[in-house]
Amino acid sequence: MPAETSHDASRWDRSFFGHPLGLSTLFFTEMWERFSYYGMRALLILFMVATVEHGGLGFPTSRAGAVYGMYTALAYLATLPGGWIADRISGQRRAVLWGGILISLGEYCLAYPSLTTFYLGLAIIIVGTGLLKPNVSTMVGALYTPEDKRRDSGFSIFYVGINLGAWLSPIVCGYLGENYDWHYGFLAAGVGMTIGVIQYVFGSRYLGKAGLTSVGTPADAALFRRVLTISVAAILVTAGLALSGVLNVSAEGLSNVFGVSLGLVVIVFFGWLLTSKDYRGVERRRLWAIFVLFIAAALFWSAFEQAGSTLNLFAERNTNLHQWDSPIWGLFRASYYQSFNSAFMIFGLAGFFAWLWIRMGRYEPSSTAKFSIGLLFVGLGFAILIPVASSTNVSPWWLTLTYLLHTIGELCLSPVGLSAMTKLAPARAMGMIMGVWFLASSVGNFIGGRLASVYESFPLPSLFGLVAAFCILVSVVLLFLIKPMKKLSEGVN
Ligand code: GLN
């Protein structure tokens, strides 16, 4: 059977835009996963703060921001154990399958109207995302031999899949959720992931041998079982105590504890990485470069990922959405804004930047310089909102401009960072450094979510002003670091 599979895989080697047909399977799996993730996320904070009469949970914004920040941060954090499990225990192929099934189940839980299924659903989606997201990307890499020149362009096609899903879903889930019932929106997110899973099962035969093997030892399996048992027991005991009222845990309190723990994880991890005797000389200097890019990326995502939190609330509460009502789509809804970023990206900016960097040739900026531009643009996106932030009748064009600036920033930082990580990481620590990249998203999502908690208690112009000032300040600091970073990264940056 394996011989036949690899024979078939070579027969399909150029069937998907000149790429292996397996890329199509992974493209659509990730498209549907992101459809599910962003469709649900577009509704999440709006659903939590909506009053009970409007079908929402009636949470105060402080609690909604805490839950949102913790959920999105955990979804990215879970990719670290998710990658490890696939490497050592299950192989990527099965991890992605289980991830997709769990995400669908989690969304179906959310579609059932009760507070318990709401939290349960979020928890299941976190685990599912951790299993699916990092491993589907690893499998993309596994479709190509190390010499295959098509690898980078394969990843670019894959990024289009991410954004196609992220573009369509806020419109579909937002339309159903905000016009009919929040839970229909969550249901649509679940149906999307289910289609993705079915497509993945049928398309698996085009994947050749990608993701079939794992490198773990029996000791790894034993460690996994032990950690899994302890974690499940701890979660069940805490949930039981909380539900029975013995333990008084608030989402805000839990989120504070989580934030401190996340900070400690970052400090301990980098403390170890940067002093470890395993990495010396060039490798250690490059790890310092990775550390600088990590800090910048975490800050960038803290601003950028407010798309689903503060900016989503800004669309709903401060923007005059009626200006864009239409007989075709009816009322223009806040959640529709969540698709602007991906729309700008797929219908123009991604192609433009790919062209621009090639066009600039040897004048192409270094990764550090591009990070600096990325932070500048995300900061500018917030800066332009400062003058209008205290109004409740803001023209919808302002947020549109913000998302345009944010997308430009994202394209200067996100693909650049991913590629810089692969170039700077010591080869034997590649998986771990990919995890570092997701850790930056996790920290960013947490801060971006927590900032929504102060939406009502802190004057908005000051909130946006602070975010803008921080980003622009770090952007300037990075300009001064361009030269030292070139030295640290020794030629690859
Ligand atoms: N938009 C990209 C994705 O969903 C990157 C998001 C991030 O890393 N924070 O995969």
Side-chain angles (χ1 to χ4, degrees), residues 26-42 44 68-69 71-80 82-83 96 99 103 125-126 128-140 155-170 189 192-193 196 262 293-294 296-309 311 337-346 349-350 353 371 374-375 378 403 406-422 433-449:
L26 302 175
F27 176 101
F28 288 111
T29 308
E30 179 64 345
M31 185 193 91
W32 284 116
E33 188 271 330
R34 292 286 94 183
F35 176 97
S36 174
Y37 180 81
Y38 285 110
M40 188 280 258
R41 199 191 80 161
L44 185 57
Y68 178 95
Y71 161 71
T72 50
L74 277 169
Y76 279 99
L77 197 62
T79 58
L80 295 178
V96 169
I103 293 171
I125 297 172
I126 289 167
T129 309
L131 285 172
L132 191 148
K133 179 101 167 113
N135 298 318
V136 73
S137 316
T138 310
M139 274 204 282
V140 172
F155 272 104
S156 304
I157 295 177
F158 182 73
Y159 211 74
V160 173
I162 290 182
N163 283 291
L164 263 184
W167 168 55
L168 285 171
S169 63
M193 189 69 255
L262 189 61
L293 295 181
F294 170 87
L299 181 68
F300 175 87
W301 294 121
S302 316
F304 180 88
E305 295 289 7
Q306 287 179 56
S309 60
L311 296 179
Y337 267 116
Q338 300 297 308
S339 71
F340 281 28
N341 162 244
S342 301
F344 284 134
M345 184 167 299
I346 355 183
L349 286 178
F353 274 93
F371 266 54
L375 274 154
V378 82
Y403 283 124
H406 281 192
T407 310
I408 296 176
E410 182 187 0
L411 278 161
C412 292
L413 186 135
S414 181
V416 180
L418 202 58
S419 139
M421 294 295 137
T422 61
I433 299 299
M434 275 311 185
V436 167
W437 186 243
F438 282 120
L439 188 62
S441 282
S442 178
V443 173
N445 270 285
F446 178 74
I447 299 174

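Quantities reported herein were computed from a predicted structural model and do not represent experimental measurements. In listed order, ligands and their atoms are each counted from 1.
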The side-chain contact (heavy atoms from CB on, under 4.5 Å) partners of Leu80 (sequence neighbours excluded) come to Leu77, Leu439
Taking side chain as C-beta onward, heavy atoms only, is Tyr159 less than 4.5 Å from Met345?
yes
Would you say Ser169's side chain and Gly165's backbone share a donor-acceptor pair under 3.5 angstrom?
yes
Backbone or side chain, does any N or O of Glu30 fall under 3.5 Å from an N or O of ligand 1?
no
Measure the acute angle between the ring planes of Phe304 and Phe300, then classify it against the limits of 30° and 60° as parallel, tilted or perpendicular.
parallel
Can you find an N/O atom of Glu305 closer than 3.5 Å to an N/O atom of ligand 1?
yes
With a 4.5 Å cut-off on side-chain heavy atoms, are Phe371 and Cys412 touching?
no
So for ligand 1, is Ser414 a polar contact partner (N or O within less than 3.5 Å, distance only)?
no
Before signing off on this row, confirm whether Lys133 and ligand 1 have an N or O atom pair separated by under 3.5 Å.
yes
Taking a cutoff of less than 4.0 Å between a non-hydrogen atom of the residue and any ligand atom, is Tyr159 in contact with ligand 1?
yes
Once you restrict to heavy atoms under 4.0 Å, what part of Phe304 touches ligand 1? Side chain, backbone, both or neither.
neither
Do any N or O atoms from the side chain of Thr72 and from the backbone of Tyr68 form a donor-acceptor pair under 3.5 angstrom?
yes
Residue-level breakdown please: for Tyr76 versus ligand 1, do any non-hydrogen atoms fall below 4.0 Å on the side chain, on the backbone, on both, or on neither?
side chain
Using a 4.0 Å cutoff against the non-hydrogen atoms of Ile162, which atoms of ligand 1 qualify?
3 (C), 4 (O), 10 (O)
Here the atoms of ligand 1 under 4.0 Å from any heavy atom belonging to Glu410 are 1 (N)
Mind checking whether Tyr38 contacts ligand 1 via backbone (N, CA, C, O), side chain (CB onward), both or neither, at a 4.0 Å heavy-atom cut-off?
side chain
Among all residues two or more places apart in sequence or in another chain, which pass the side-chain contact (heavy atoms from CB on, under 4.5 Å) test with Ser441?
Tyr76, Trp301, Asn445
Give the residue and atom name of whichever protein heavy atom lies nearest to atom 7 (C) of ligand 1, and the separation in Å to one decimal.
Ser441 OG, 3.3 Å
When you measure from the centre of the six-membered ring of Tyr38, is the NZ or CZ of Arg41 under 6.0 Å away and within 45° of the axis?
no
